[in-house]
2 protein chains.
Amino acid sequence: MATVRRVSFPLVNNFTNRIPDATVRRFSLYLRLLEEFERAGKATTASTALAEHTGATAAQVRKDLQHLGSMGKRGLGYSVPELVGVLRRTLGLDTSWRVALVGAGRIGRALFEYGLFRQRGFVITTVIDADPAKVGRKLRDVRIRSSEELERALLEDRTDLAILAVPAAATQEMADRVVGAGVKAVLNYAPVQLRAPAGVTLRHVSMLVELESLSHALVRLRRHPPAPSSGAS
Amino acid sequence: MATVRRVSFPLVNNFTNRIPDATVRRFSLYLRLLEEFERAGKATTASTALAEHTGATAAQVRKDLQHLGSMGKRGLGYSVPELVGVLRRTLGLDTSWRVALVGAGRIGRALFEYGLFRQRGFVITTVIDADPAKVGRKLRDVRIRSSEELERALLEDRTDLAILAVPAAATQEMADRVVGAGVKAVLNYAPVQLRAPAGVTLRHVSMLVELESLSHALVRLRRHPPAPSSGAS
DNA sequence: GAGTGTGAAGCAGTTCACAGCG
DNA sequence: CGCTGTGAACTGCTTCACACTC
């Protein structure tokens with residue numbers, strides 16, 4: 001009680017406080033844009049510029065960046081390199097993460113080949129597949145290992161993060177095993193909702209869910225045509 | 001005034017009101033689960049069962065389903081086939097949608113091959129790629145067309161929905177052209193935020209954003225180890 | 001009694017508006 | 001004067017709790 005006595009030192013940043021998910025996701029977008037600015041040699045930028053290219057409002061950008069501490073200079077804006085640095089650190093992109101890919105099917109292989117994330121510090125060190133025909137083959141220089149080996153492989157390879165790209169029916173079981181092997185971050189590609197104990201972070205990428213939500217929007221549009229309003233070009 | 005006199009006919013559904021995005025996305029999950037129930041021969045189900053497998057709470061399931069009208073019977077639950085029907089209709093899965101794939105690179109091709117969404121009524125009728133070497137080749141029975149042909153192709157094929165799987169730098173331009181060709185729903189795979197006029201629905205699937213959000217969670221975990229608390233098994 | 005339907009309270013993220021600093 | 005920093009209002013989703021129906 002007795003109002004915690006608003007401390008006056010600058011509260012350099014409040015890493016201690018959790019940052020909203022939505023904000024973290026926008027950080028990714030800000031960062032990519034800022035890196036472009038950096039390449040273009042811009043030294044500073046303003047919240048309006050960041051907003052314009054990321055679909056946020058200027059106020060939102062400022063609120064978001066406040067989670068990193070007060071990084072801007074009034075009347076001037078934000079230092080591009082400084083912000084890039086802080087965002088990289090906040091997003092954990094200053095280290096390299098060891099990633100296991102579970103499922104070397106069509107999606108799994110496409111992910112494996114996708115170069116963009118290697119350059120962001122995500123290195124696929126381990127590939128697992130249940131199909132005996134695939135075990136022993138290689139993706140680039142990574143040998144595909146059987147799903148019996150999963151726990152051992154993940155421990156040996158000190159896996160930080162697992163990507164699940166297996167059939168929906170097998171996904172929860174694989175998630176459990178991956179978590180059992182100590183992995184604290186899981187990215188799931190199957191259109192099922194996973195359950196995991198507290199302390200494990202799950203993220204979900206589902207084309208199907210997104211497509212169906214688009215499909216819903218189309219149906220709605222068809223049933224309730226937009227207000228005619230002023231002639232949109 | 002005088003309390004609108006609670007109409008007694010069942011308010012079959014309120015399609016007129018918009019349904020929150022979050023709810024629509026959960027509909028996808030409910031539907032998949034209900035289809036499983038249907039295959040298993042269950043005639044009815046309860047909000048608790050739906051909640052358990054989709055990571056929602058029972059109250060949330062009920063609130064969500066209310067958007068479809070009052071579909072449940074107190075003391076009994078929901079009719080599985082009835083709910084499946086309404087959800088399919090609401091999600092627009094009772095029609096078939098004509099989809100254009102813009103970008104036949106690694107991701108584009110993986111999406112093309114992904115069977116699961118054809119059986120949901122999404123049919124890829126058109127494939128576009130900027131690479132002249134690819135133009136004229138076929139993915140299954142669909143000929144790859146050049147990006148100059150984009151507008152013509154999309155109009156000819158009466159495209160409902162476009163999937164963009166092109167490099168980040170080209171994405172906004174492709175989005176503009178696709179929208180210019182009258183497409184009202186766009187699914188974007190590049191890690192950039194698109195802008196589109198009102199009336200066009202955008203969805204965004206970005207592995208990179210999700211990975212970075214996981215990476216952030218890992219960093220946080222490292223800096224603020226979880227409360228020891230009771231021994232989680 | 002079991003399980004829905006739903007107002008009301010709670011909570012989180014977003015927007016506003018403006019004070020304040022460079 | 002420009003642009004950030006930020007309380008306060010707002011909006012919208014989620015949770016609660018319980019009346020109500022089958």
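Note on naming: letters A, B, ... go to the chains in the order of the sequence lines (proteins, then strands), and numbering restarts at 1 for each one. Every value quoted in this text rests on a predicted model; they were computed, and no experiment measured them.
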Original post:
Between the side chain of B:T90 and the main-chain N/O of B:V86, is any donor-acceptor distance below 3.5 Å?
Top reply: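 Side chain of B:T90 to backbone of B:V86: a pair is present.
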Subject >> Polar side-chain atom of A:N188 near backbone of A:V192 as donor-acceptor pair, under 3.5 Å >> reply: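 Present.
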Checking [X] now: which residues fulfil salt bridge (Lys or Arg N to Asp or Glu O under 4.0 Å) with it, not counting sequence neighbours?
X: A:E35; answer: A:R88, A:R120
X: A:R26; answer: A:D64
X: A:E38; answer: none

**OP:** Select one nucleotide: of C:dT6, D:dC13, D:dT6, the one nearest the side-chain heavy atoms of B:S70.
**Re:**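 Minimum distance to the B:S70 side chain belongs to C:dT6.
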Original post:
Between A:K73 and A:A22, which has a closest nucleotide on DNA chain C that is more 5'?
Top reply: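 Counting from the 5' end, the first nearest nucleotide belongs to A:A22.
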Original post:
With nearest nucleotides of DNA chain C determined for A:L76 and A:R26 from heavy-atom distances, which residue corresponds to the more 5′ nucleotide?
Top reply: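 On the 5' side of the pair lies A:R26.
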Subject >> Qualifying side-chain hydrogen bond (donor to acceptor under 3.5 Å, both in side chains) pairs with a residue from residues 41-58 of chain B, counting only residues at least two apart or across chains >> reply: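 Listed by first then second residue: B:S47-B:R62.
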Original post:
Listed in order of residue number, which residues of residues 57-65 of chain A have a non-hydrogen atom at under 4.0 Å from DNA chain D?
Top reply: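 Nucleic-acid contacts, sorted: A:R62, A:K63.
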Original post:
Between B:Y189 and B:S206, is a side-chain contact (heavy atoms from CB on, under 4.5 Å) present by the stated rule, with each step listed?
Top reply: CA-CA 6 Å; B:Y189 270 81; B:S206 170; over 6 Å; no
Atom-to-atom span, [atom1] of [X] to [atom2] of [N] - whole angstrom:
X: B:Q66; N: D:dA19; atom1: CD; atom2: C1'; result: 14 Å
X: B:L83; N: C:dG5; atom1: CG; atom2: C1'; result: 15 Å
X: A:E82; N: D:dT4; atom1: CD; atom2: C1'; result: 14 Å
X: A:L68; N: D:dG5; atom1: CG; atom2: C1'; result: 14 Å
X: B:H67; N: C:dT4; atom1: NE2; atom2: C1'; result: 15 Å

Original post:
For C:dG5, does either OP1 or OP2 sit under 4.0 Å from a side-chain N or O belonging to B:Y78?
Top reply: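 Yes, B:Y78 has a side-chain N/O under 4.0 Å of OP1/OP2 on C:dG5.
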Original post:
Using a heavy-atom distance cut-off of less than 4.0 Å, which residues of residues 32-55 of chain B contact DNA chain C?
Top reply: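 Residues of residues 32-55 of chain B under 4.0 Å from DNA chain C: B:A46, B:S47.
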Original post:
Do you know the tightest heavy-atom contact between B:P191 and A:Y114?
Top reply: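 Here B:P191 and A:Y114 meet closest at CD-OH, 4.4 Å.
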Original post:
Within a strict 4.5 Å, meaning less than it, do heavy atoms of the B:L154 and B:R177 side chains meet?
Top reply: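 In short, these two side chains do not touch, never coming nearer than 4.5 Å.
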Subject >> D:dT4 base / A:R74 side chain donor-acceptor hit below 3.5 Å >> reply: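 Per atom types, the contact qualifies.
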